[in-house]
Amino acid sequence: MLTDVTQELAAFLRSRRERLDPGDFGLPGRRQRRTPGLRREEVAELAGVSVDYVVRLEQARGLRPSADVAEALAEALRLTSDERTYLLRLARHRPRGTAEAVTTAAPSLARLVADLSPRPAMLMNHRFDLLAWNAEMAKVLVDFGTLPPARRNAIWLCLLHPEIRECYVDRDRVVREGVAHLRAAWAAHPDDRVLAGLIADCAAGDEEFARLWATREVKINGRGDKVLRHPLAGEVALQFETFTPLQDPDQLLVIYRGADAESQAVLDALCAVPHPCGVLTAGKAHRGHDARK
């Protein structure tokens, strides 16, 4: 049965408090208590708030905890990640992103990226580090496996990789939108020092990035198009879609396809070459280029 948000917040906090085992906190066990779980004063002490505040929250007396208080309550009640998100949303706060980024792809997501062949696909974390990619993606841009792990980052590659930075026909727009998306990612993870370091490195190594970062444009690029000037296949127009796995919301799955029939034919010819590293012979490349004529 549904209820209003204030009532649900109160009921949720009570239920999470009552399920806790006092023994896990070094407190007298359940047999010595007339009610289950921790007492309100114990939760209040753990969360750093007053007992009266906890009482009023659990009685649905119109309070809405701040984001900091909601986080403290989540910690005190030992909420799971999903429960913490639920509590923050009940309190009408956006869940904060974690500073730590996943650095390896979950096996199921890695398999999904491979299974998306022949569509080029890649998986990134919130720092835009590349976690997984299929052979087709390597053929479209570069074989990421040949790069040092520290350089397997979509933003760095777009800005500073000597070949990739020149492959975008509309490079100004691609870079502008990429920087705007990076700013949105930083706002969701302001305590991520590695992400901050990436931004600092890009600003120091690329004047264009520094200028665009100073404009403070923000844009989430979940869908769009790019025209690549491929060294072997010629110009190819691509569309991309970005998906977020529910279980891993800080990761991005990006899938590419041809923007039109001619570009799809070029892309199909390029991706059909069997070499897993995408190293094409000139003859193969020219035949792929001719496929759109």
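Only a predicted model underlies this, so the values are computations on that prediction, with no experimental measurement involved. Numbers here simply count residues along the sequence, with the first being 1.
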Could you walk me through whether L73 and L79 satisfy the side-chain contact (heavy atoms from CB on, under 4.5 Å) test, starting with their C-alpha distance in whole Å, then the side-chain angles of each, then the deciding distance to 0.1 Å, before giving a yes or no?
CA-CA 9 Å; L73 288 168; L79 300 187; over 6 Å; no
Rounded at 0.5 Å granularity, tell me how far CG in D52 sits from CG in L57.
9.5 Å
Please walk me through it: do R216 and R183 pass side-chain contact (heavy atoms from CB on, under 4.5 Å)?
CA-CA 7 Å; R216 291 179 167 77; R183 179 171 285 281; 3.7 Å; yes
Could you state whether L182 and L131 fall into the same hydrophobic cluster, counting links through intermediate Ile, Leu, Val, Met, Phe, Trp or Tyr residues with side-chain heavy atoms under 4.5 angstrom apart?
no
Is any side-chain heavy atom of L77 closer than 4.5 Å to a side-chain heavy atom of R19?
no
Would the distance check show the side chain of T215 and the main-chain N or O of R211 forming a donor-acceptor pair, the cut-off being under 3.5 Å?
no
Distance check, rounded to the nearest 0.5 Å: L27 atom CG versus R39 atom CZ?
8.5 Å
d(R171 CZ, K226 NZ) to nearest 0.5 Å is 12.0 Å
In this structure, would L252 and L116 fall into the same cluster of hydrophobic residues linked by side-chain contacts under 4.5 Å?
no
Please name all residues satisfying salt bridge (Lys or Arg N to Asp or Glu O under 4.0 Å) with D260, sequence neighbours left out, ordered by chain then number.
none
Apply salt bridge (Lys or Arg N to Asp or Glu O under 4.0 Å) to residues R84 and E71 and explain how you reach the verdict.
CA-CA 8 Å; R84 168 183 166 272; E71 291 280 6; 3.0 Å; yes
Any donor-acceptor N/O pair, D192 side chain to L195 backbone, under 3.5 Å:
yes
CG on D129 to CZ on R151, rounded to 0.5 Å:
11.5 Å
Measuring only between side-chain heavy atoms, which start at C-beta, is Y86 closer than 4.5 Å to L90?
yes
Using side-chain heavy atoms (C-beta onward) and a distance below 4.5 Å, is E136 in contact with R119?
no
The criterion is side chain to side chain donor-acceptor pair (under 3.5 Å); which residues satisfy it with D201, sequence neighbours excluded?
none
Quick check: closest heavy atoms across S263 and V236, and the distance to 0.1 Å?
O-CG2, 3.6 Å
Is it the case that more than 12 heavy atoms not belonging to Q239 sit under 6.0 Å from its CD atom?
yes
Salt bridge flag under 4.0 Å for residues E208 and R165:
no
May I ask you to decide if D4's main-chain N or O and Q7's side chain share a donor-acceptor pair within less than 3.5 Å?
no
Taking the side chain from R17 and the backbone from G37, do they hold a donor-acceptor pair closer than 3.5 Å?
no
What residues, two or more places apart in sequence or in another chain, satisfy ring pair (Phe, Tyr, Trp, His ring centres under 6.0 Å) together with W156?
none
Would you mind reporting whether L141 and P120 have side-chain heavy atoms less than 4.5 Å apart?
no
Residue list, side chain to side chain donor-acceptor pair (under 3.5 Å) with E241, at least two apart or on another chain:
R223
Are M124 and L198 linked, directly or through intermediate hydrophobic residues, by side-chain heavy-atom contacts shorter than 4.5 Å (ILVMFWY only)?
yes
Enclosure of E75 CD (heavy-atom neighbours >12, cutoff 6.0 Å):
no
Counting C-beta onward and ignoring hydrogens, is there a side-chain heavy-atom pair between M122 and F240 closer than 4.5 Å?
no
Do you know the tightest heavy-atom contact between P190 and A188?
CD-C, 3.5 Å
Straight-line distance of F128 CZ to C158 SG, nearest 0.5 Å
11.0 Å
Can you name the closest pair of heavy atoms from L38 and P22 and give their distance?
CD2-CA, 3.8 Å
Measure the shortest side-chain to side-chain distance between L238 and V140 over non-hydrogen atoms and say whether it is less than 4.5 angstrom.
yes
Check the pair L157, L147 against side-chain contact (heavy atoms from CB on, under 4.5 Å), reporting the backbone distance first and the verdict last.
CA-CA 10 Å; L157 291 171; L147 302 174; 3.7 Å; yes
Side-chain contact test, heavy atoms from C-beta onward, threshold under 4.5 Å: evaluate it for F209 versus V175 and give yes or no.
no
Between M137 and F144, is there a side-chain heavy-atom distance shorter than 4.5 Å?
yes
Checking L228 against V169 for the side-chain contact (heavy atoms from CB on, under 4.5 Å) test, could you report, in this order, the C-alpha distance in whole Å, the side-chain angles of both residues, the deciding distance, and whether it holds?
CA-CA 6 Å; L228 302 185; V169 173; over 6 Å; no
All heavy atoms of T244 vs all of P249, minimum pair found to be CG2-O, 3.2 Å
Pairs in or reaching into residues 47-82: which pass ring pair (Phe, Tyr, Trp, His ring centres under 6.0 Å), with residues at least two apart or in two chains?
none
Assigning hydrophobic clusters by single linkage (Ile, Leu, Val, Met, Phe, Trp, Tyr; side-chain heavy-atom cutoff under 4.5 Å), is L109 placed with L253?
yes
Salt bridge between R176 and D172, side-chain N to carboxylate O under 4.0 Å?
no
Under the 3.5 angstrom rule, does the side chain of H230 hit a backbone N or O of K139 as a donor-acceptor pair?
yes
V113 backbone acceptor or donor facing N134 side chain under 3.5 Å
yes
If you compare all heavy atoms of A105 against all heavy atoms of A132, which two are closest, and at what distance to 0.1 Å?
CB-CB, 4.1 Å
Within 6.0 Å of CZ in R257, more than 12 heavy atoms from elsewhere
no
Distance, nearest 0.5 Å, that separates CG of L159 from CD1 of I164:
11.0 Å
Excluding sequence neighbours, so at least two apart, what forms salt bridge (Lys or Arg N to Asp or Glu O under 4.0 Å) with R173?
D170, E177, D225
Please work out which of the three classes, parallel, tilted or perpendicular, describes the rings of H189 and H126, given edges at 30° and 60°.
parallel
Transitively linked via ILVMFWY side-chain contacts under 4.5 Å: W133 with I155?
yes
Tightest non-hydrogen contact, residues P65 and L9, listed as CD-CD2, 3.8 Å
